[in-house]
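Here's the structure, in structure tokens; my notes come after.
Positions are given from 1, in the same order as the sequence printed here.
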Amino acid sequence: MSPPASASPVAAEKIPNTFFRGGVYYGRVKVAGDTLRESLGTGDPVEARKLIKKWLAEKSPNHEYDELTFAQVASSWIEHYQTGYSTKTWRRYRTSLKMLKPFFGDLAWAEVTRSKLTEYMSARKSEGLSNATINRDLAVMSNIFEHAVDQEWAEENLVLKLSKKARREKRLPFTMPTPGMIDATFARMRSTFGEICRFALLTGLRRDEIAQLTWSNVLLDRRQLQLFVTKNRTVRVVTLCEEAYQILCGRNSREGYVFVTRNGGAYKRVSEMWREVQLRAEKKWNEQVVSQLVSHQKFIRFRFHDLRHMFAINYLRDGGNIYHLQIEMGHSTIRQTEEYLQYLTAEEQVAAKGVSQQVSHTTAVSRVAA
């Protein structure tokens with residue numbers, strides 16, 4: 001008779017703070033930055049669970065956190081910090097959490113390792129997602145890790161250990177539209193929405209900063225705006241040029257939102273309305289090309305957020321100082337502001353980095369008929 005076929009190896013049951021090798025469970029825990037490993041002397045998962053608790057109690061004073069799951073740590077972070085973020089930020093964080101939970105949700109917190117984070121990045125890239133999207137997910141994971149460190153459930157933030165090169169975002173360069181294209185876009189706008197877009201170009205405010213702007217943020221006597229809800233969560237003061245100041249003076253009400261819809265509420269469809277305007281402007285532009293009323297240059301579509309870029313470039317071209325611009329834009333580092341230097345001539349770059357001076361800012365929008 002032929003010898004009986006050997007039984008197929010059975011996958012070892014996963015137990016937090018253990019690994020299985022050679023038919024035996026080993027304990028593993030990090031203490032004061034050093035990883036300790038020791039055989040538990042058994043291949044029985046029931047016995048291993050009893051032994052690992054005793055072993056952890058001896059080796060790690062904070063071993064209790066190893067019983068937690070990723071879902072529990074994430075829930076604790078939500079409970080502690082949900083009210084500390086703006087509605088927009090928290091909406092983005094919820095989207096990332098939906099992506100993270102299927103991958104990490106069933107894991108013990110001790111199993112959320114650097115290699116597991118790298119595996120998540122690879123899986124998301126294989127789905128065709130950009131580094132920018134993946135980085136937003138990892139930003140949420142980083143916040144969860146920071147919370148775990150604060151609670152002494154983790155010794156370090158493993159997200160910070162990931163390769164920055166692999167996460168580098170590819171940003172498309174901003175193409176400055178011609179003054180004619182800017183005029184063509186603003187000519188397709190009506191009433192309050194036109195003032196919103198004009199105000200964005202004159203102040204460099206972000207979309208939500210304008211849509212949520214209230215009269216409590218406006219200091220007309222000082223010709224300034226004081227923003228309390230900003231991207232980097234610091235108070236920002238924005239100086240108003242004459243045209244921006246006149247837009248505010250022309251508003252009928254001095255209560256609630258500065259720019260309101262016909263129903264009296266805040267604008268919630270700014271991006272959609274902007275795209276509609278761009279389509280109308282492009283259609284009109286193409287008609288004029290056919291009629292030879294404008295140059296044959298192709299119409300360049302641009303985003304509402306690009307009005308902020310235009311403000312920055314025009315500010316520097318008009319002689320503004322780059323350090324003053326950093327404050328106006330609310331950039332956390334000067335490197336962000338220096339990105340705009342590439343749109344200047346050599347002489348303009350020297351002036352922008354030279355003697356500190358403020359300017360009475362004017363832009364191409366000033367030529368657009370009211």
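With hydrogens and angles ignored, the 3.5 Å screen pairs a side-chain donor or acceptor of S126 with a backbone N or O of A123. Between the side chain of R317 and the main chain of L344, no donor-acceptor pair closer than 3.5 Å is present. Between the side chain of R254 and the backbone N or O of R251, at least one donor-acceptor pair lies under 3.5 Å.
For R114, the side-chain contact (heavy atoms from CB on, under 4.5 Å) partners two or more places apart in sequence, or in a different chain, are K161, L162. Among residues two or more places apart in sequence or in another chain, the side-chain contact (heavy atoms from CB on, under 4.5 Å) test is passed with E339 by Q342.
A ring-ring contact (aromatic ring centres under 6.0 Å, His included) check over residues 111-138, counting only residues at least two apart or in different chains, returns the pairs F103-Y120, F104-Y120.
Proximity of the aromatic rings of Y340 and Y315 is defined here by a centroid distance below 6.0 angstrom, and this criterion is not met. Side-chain rings of W109 and F145 approach one another, their centers coming within less than 6.0 Å.
A salt bridge links E243 to R198: at least one charged side-chain nitrogen sits closer than 4.0 Å to a carboxylate oxygen. Contact check on R301 versus E282 returns a salt bridge, with a Lys/Arg side-chain nitrogen under 4.0 Å from an Asp/Glu carboxylate oxygen. A salt bridge is defined here as a Lys NZ or Arg NE, NH1 or NH2 lying under 4.0 Å from an Asp or Glu carboxylate O, and E338 with R335 fails to meet this definition.
For the ring pair (Phe, Tyr, Trp, His ring centres under 6.0 Å) with F199, the lone residue among F304, Y267, F259, F193 that qualifies is F259.
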Please tabulate, one pair per line, all N/O donor-acceptor pairs under 3.5 Å involving side-chain atoms of residues 214-223, not counting sequence neighbours.
residue : atom : partner : partner atom : Å
T214    : OG1  : S216    : OG           : 2.7
T214    : OG1  : N217    : OD1          : 3.1
W215    : NE1  : S253    : O            : 3.1
N217    : OD1  : T214    : N            : 3.0
N217    : ND2  : Q226    : O            : 3.0
R223    : NH1  : E242    : OE1          : 2.5

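Through direct or indirect side-chain contacts shorter than 4.5 Å among Ile, Leu, Val, Met, Phe, Trp and Tyr, Y26 is connected to F19, V24. Clustering of Ile, Leu, Val, Met, Phe, Trp and Tyr by side-chain heavy atoms under 4.5 Å joins Y257 with V260.
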